[in-house]
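Chain A is the first sequence line, chain B the second, and so forth, proteins listed ahead of strands; every chain is numbered from 1.
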Protein chains: 2
Amino acid sequence: MVQPMKLPPLHQEFVLHFGEMGSRWGINRTVGQIYALLFLSSEALNADQITEALGISRSNTSMGLKELQAWRLVRLKHVPDDRKDHFTTPDDLWEIVRILIEERKKREIDPTLSKLRALEMQGPAGDDYSEARISELREMIEMMTDFYEDMARLETEKLVRLMTYGSRLAGLIDKVGGYLPSTKR
Amino acid sequence: MVQPMKLPPLHQEFVLHFGEMGSRWGINRTVGQIYALLFLSSEALNADQITEALGISRSNTSMGLKELQAWRLVRLKHVPDDRKDHFTTPDDLWEIVRILIEERKKREIDPTLSKLRALEMQGPAGDDYSEARISELREMIEMMTDFYEDMARLETEKLVRLMTYGSRLAGLIDKVGGYLPSTKR
DNA sequence: CAGAGCTTTCAGTAATTTCCGAAAGTTCAG
DNA sequence: CTGAACTTTCGGAAATTACTGAAAGCTCTG
């Protein structure tokens, strides 16, 4: 930390925490800090304000904002009578979660799913065991991503209801019965 | 890639892919490769076999295996009449998914949850907006992790049934009605 | 209890990633 | 069109992370 941040203690701690966690989340320290800062800020901030609040270089701020926009976690917002670009985070947390899941899926899962499909296409190329393992993996990933898509389609209110229903869901399904997929081949 | 791998083409491609994806998944290249290799292997492999198959150093293999064991993604398996340690991945994919979610939660979410709680404890320390934002975030994370725990408790068979039920779940909940939590404050 | 066979640790090097300041690029008011 | 205000790009320095070979550390067998 070259420059000290000038922020209220709460913001300061929160920002530093997101900075440290950044590397575990697959983003770097400053990107985490920028996000945290914007997350806690009730108004949109411009790049210079961010640069100053975090004590980082202007270009680093620019890079960080670019990356956060690529993640759709930060948005441009125009402030009347100000030529500078201002940035905010979406304020609906559910939206943020959806975005996070989708973007992580796009980066961390989709490429592998394509690869698995491609490997299966190539036809018999390994032993039976590894081929079976690859198909099984692909099926599992498809099932989970399909389920996520189904859930994502629901309105937030229904989703919340469903989640708070928790483990009782299982009983509900039992009553309805019916569909019985094969889990083991 | 210093040493060429000697593996069947299918394994080779799969292993290389996992290596490349490693960085996105928060593990390094060799760790990804080791996991991929074990995942496709019907028998447990020892460290020397891994070292040779991947063309990496013995110590690197040792480090990688240690990390994978910390993740609980790879296990020791004793092979009769062989003094060397042998390693495998769990073969139940559902178990692997559970482990992955739990470990990621532990590393990527739990520390933040603690931090948020601690910040709330410290009492009024910022503006109203940021305090509200922090509470809201904590509540959301709690709701999601609680839901996950509920789901994780279900037997695999029920879970599969539930997942394939997909969006129809919403209708089901509607019928039962009842619980109506407040989503917005 | 010696030492063969195996595993882990460690210190240094290599590779990668992050970050900065300077320069180039863009946009818009006058 | 010009230049002021702002943003992005770029080359290289600094920091971090990954990897290796060598040495140290275990743990059984005989």
Side-chain angles (χ1 to χ4, degrees), chain A residues 1-5 15-16 18-35 37-38 44-71 74-87 107, chain B residues 1-5 15-16 18-35 37-38 44-71 74-87 107:
Chain A
M1 203 71 7
V2 182
Q3 284 279 336
M5 302 179 195
V15 163
L16 289 178
F18 269 54
E20 281 169 31
M21 293 300 288
S23 50
R24 303 197 192 185
W25 296 335
I27 56 177
N28 67 38
R29 193 172 62 241
T30 36
V31 171
Q33 292 183 349
I34 293 172
Y35 183 77
L37 181 69
L38 293 174
L45 301 178
N46 67 42
D48 286 327
Q49 292 173 306
I50 295 170
T51 299
E52 203 202 342
L54 300 181
I56 59 179
S57 78
R58 187 51 235 286
S59 53
N60 202 1
T61 303
S62 180
M63 295 287 211
L65 286 170
K66 208 171 132 199
E67 185 172 344
L68 285 167
Q69 284 176 285
W71 273 88
V74 155
R75 298 189 177 144
L76 254 171
K77 186 180 180 185
H78 276 292
V79 169
D81 298 330
D82 194 335
R83 228 174 101 188
K84 297 189 182 178
D85 288 343
H86 287 242
F87 301 88
R107 286 152 220 253
Chain B
M1 203 70 7
V2 182
Q3 284 282 334
M5 302 180 195
V15 163
L16 289 178
F18 269 54
E20 281 168 32
M21 294 299 288
S23 51
R24 304 197 190 185
W25 295 336
I27 56 178
N28 66 38
R29 191 174 64 240
T30 36
V31 172
Q33 291 184 350
I34 293 172
Y35 184 76
L37 181 68
L38 292 175
L45 301 179
N46 67 43
D48 286 326
Q49 292 173 308
I50 296 169
T51 299
E52 202 201 344
L54 301 181
I56 59 180
S57 75
R58 185 57 231 292
S59 51
N60 201 1
T61 303
S62 180
M63 297 283 213
L65 286 169
K66 208 173 132 198
E67 186 172 345
L68 285 167
Q69 284 175 285
W71 273 89
V74 156
R75 302 192 173 140
L76 255 171
K77 186 179 179 185
H78 275 293
V79 169
D81 298 329
D82 193 336
R83 233 174 97 186
K84 297 190 184 180
D85 289 342
H86 287 242
F87 301 88
R107 284 152 223 252

With a 4.0 Å limit, can you tell me whether R29(B) has a side-chain N or O closer than that to the phosphate oxygens OP1/OP2 of dT17(D)?
no
Phosphate OP1/OP2 of dT9(C) contacted by S62(B) side-chain N/O (<4.0 Å)
no
Is a donor-acceptor contact shorter than 3.5 angstrom present between the side chain of S59(B) and the base of dG21(D)?
yes
What about R83(A), does its side chain sit under 3.5 Å from the base of dT27(C) through a donor-acceptor pair?
yes
Which one, [options], comes nearest to the side chain of [X]?
X	options	value
N28(A)	dC19(D), dC19(C), dC20(C)	dC19(C)
R58(A)	dC10(D), dT7(D), dC10(C)	dT7(D)
N60(B)	dT7(C), dC19(D), dG21(D)	dC19(D)
K66(A)	dC20(C), dT9(D), dC6(C)	dT9(D)
A47(A)	dT7(D), dG21(D), dT7(C)	dT7(D)
K84(A)	dC19(C), dT7(C), dT7(D)	dT7(D)

Do Y35(A) and W71(A) have their ring centres less than 6.0 Å from each other?
no
Quick one: are Q69(A) and F87(A) in side-chain contact, heavy atoms under 4.5 Å?
yes
Option from N60(B), L76(B), L38(B) for which side chain to side chain contact (heavy atoms under 4.5 Å, CB included) with L65(B) holds:
L38(B)
